[in-house]
Undergrad: 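Have a look at this one.
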Amino acid sequence: MPHSLVALLETLLPQVHASLRNNLQGEVARYIPELGKVAPDQFGMAVMLANGELVSVGDCESAFTIQSVSKAFSYAMLLDALGPEDVAKVVGVQPSGEPFNNITLDPRTQRPFNPMLNAGAIAVAGGLYECYGEESFARMMQLFGDAAGRPLEVDEAVFQSEQATGDRNRAIGHLLRAAGVFQAPVDAVLELYFRQCSVLVTARDLAAMAATLSNLGTHPRTDTNVFNPLTVRQTLSVMFTCGMYDGAGNWACNVGVPAKSGVGGGILAVINRQLGVGVFSPRLDAAGNSVRGQLACIHLAEELGLHIFDSSNAGSALLDAR
Ligand code: GLU
């Protein structure tokens, strides 16, 4: 891996960070009361190359809750446990164009449209609970920690806050159980889902988790194999079409890489075989995506030629920089 790419990133990341630092548009999520207490102006960015080299800037060690970014990893966990055919009996791979918390099933299948929406992620949590029962969360924490390259913890206050105010998600859980998506107790499945959303990460962790996906499922520094390559392929495909809530189409055009955002303000983006990006900035737009996080990724994609359909494309124009 070229030293020059690291040098380029060491110049570029501070430039992008400085150019966006004063952009204070958007609001922190408040529908989960604890999230409303987050310091809104934090801003950190990190890039980990698929060889493990790391470049970061700003508040890249501030902890925040992973929220929906976890959905990519719980989906990958279920794919590794059951394989794609059985997972398709639980959740589809279709973009829905609906808000993240929509209470709908795909009318053709009576399954959630995709695993990046709450309904799909709760279906995935149901599938995991049916595989692993009460061990589910411990296994998930192990896996998320392996993907990040360090043990992770839960923000108990956010978890309690989600439990206390999660009626809409609980309603989704009952709908799924009534539709036969899972048979496990709704409360146990929802507890798993709320806990997975409350895992604390930093922008550096997201970059490392993204780098693990970019590196065919193996953490570039620890060499731990976390996901099998076919699981990674399917997860990245669904992230590409569904990962950015109802901003997914604009993201595909403007950035053009698989990504997942969360209402905690995190965005994780993957450049296959090359690098992972983690950004944290808690002010969100109306779709629930980090305002500065999206702009930072647009800048990086433009400067580095990351869009998968760029004209010089062989996966990414970044290959030429090597
Ligand atoms: N825990 C959040 C919820 O279920 C996750 C939402 C998100 O990040 O999109 O409402």
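Both ligands and their constituent atoms are indexed starting at 1 by order of listing. Only this structure's heavy atoms are used, side chains among them; waters, hydrogens and symmetry mates stay out. Here, residue 1 is the first one in the sequence, and each next residue gets the next number.
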Undergrad: Using a 4.0 Å heavy-atom cut-off, which part of Cys197 comes near ligand 1: side chain, backbone, both, or neither?
TA: side chain
Undergrad: Would you find a donor on one side and an acceptor on the other, under 3.5 Å apart, between the side chain of Thr241 and the backbone of Pro95?
TA: no
Undergrad: For Asp41, is there an ion pair with Arg21 - N to carboxylate O distance below 4.0 angstrom?
TA: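 Looking at Asp41 together with Arg21, the answer is no, because their closest N to O distance does not fall below 4.0 Å.
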Undergrad: Within a 6.0 Å radius of atom CZ on Arg233, are there more than 12 heavy atoms belonging to other residues, nucleotides or ligands?
TA: no
Undergrad: Relative to the heavy atoms of Gly262, which atoms of ligand 1 are at a distance of less than 4.0 Å?
TA: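 Here the atoms of ligand 1 in question are 8 (O).
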Undergrad: If only atom types and distance count, is the side chain of His307 paired as donor or acceptor with the main-chain N or O of Cys253 below 3.5 Å?
TA: yes
Undergrad: Would you say the side chains of Gln67 and Glu162 form a donor-acceptor pair under 3.5 Å?
TA: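 Yes, Glu162 and Gln67 have a side-chain donor paired with an acceptor closer than 3.5 Å.
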Undergrad: Quick one: look at Phe194 and ligand 1, take heavy-atom pairs under 4.0 Å, and tell me if it's side chain, backbone, both or neither.
TA: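 Looking at Phe194 and ligand 1, no heavy atom falls under 4.0 Å.
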Undergrad: When you compare the side chains of Thr218 and Asn225, does any donor N or O come within less than 3.5 Å of an acceptor on the partner?
TA: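 A pair is found: one side chain offers a donor N or O, the other an acceptor, under 3.5 Å apart.
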Undergrad: Can you find an N/O atom of Glu162 closer than 3.5 Å to an N/O atom of ligand 1?
TA: yes
Undergrad: Do we see a donor-acceptor contact under 3.5 Å between the side chains of Asp80 and Asn228?
TA: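 Distance-only check passes for Asp80 and Asn228.
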Undergrad: Considering only protein heavy atoms, which is closest to atom 2 (C) of ligand 1, and at what distance to one decimal place?
TA: Gln67 OE1, 3.1 Å
Undergrad: Please check if atom CD in Glu156 has more than 12 non-hydrogen atoms from other residues, nucleotides or ligands closer than 6.0 Å.
TA: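 Yes, enclosed.
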Undergrad: Does Asn118 reach ligand 1, in the sense of a heavy atom lying below 4.0 Å from it?
TA: yes
Undergrad: For ligand 1, which is the ligand I care about here, please tell me if Val263 has any N or O atom under 3.5 Å from one of the ligand's N or O atoms.
TA: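 Such a contact does occur with ligand 1.
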Undergrad: Among Tyr193, Phe159, Tyr245, Tyr31, which residue places a heavy atom closest to atom 9 (O) of ligand 1?
TA: Tyr245
Undergrad: Please state which part of Arg168 comes within less than 4.0 Å of ligand 1, counting heavy atoms only: side chain, backbone, both or neither.
TA: neither
Undergrad: Below a 4.0 angstrom heavy-atom separation, can you tell me which part of Asn169, side chain or backbone, both or neither, approaches ligand 1?
TA: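 It is the side chain that gets close, since no backbone atom is under 4.0 Å.
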Undergrad: Using a strict 4.0 Å cut-off to heavy atoms of Ser68, name the atoms of ligand 1 that fall inside it.
TA: 5 (C), 6 (C), 7 (C), 8 (O), 9 (O)
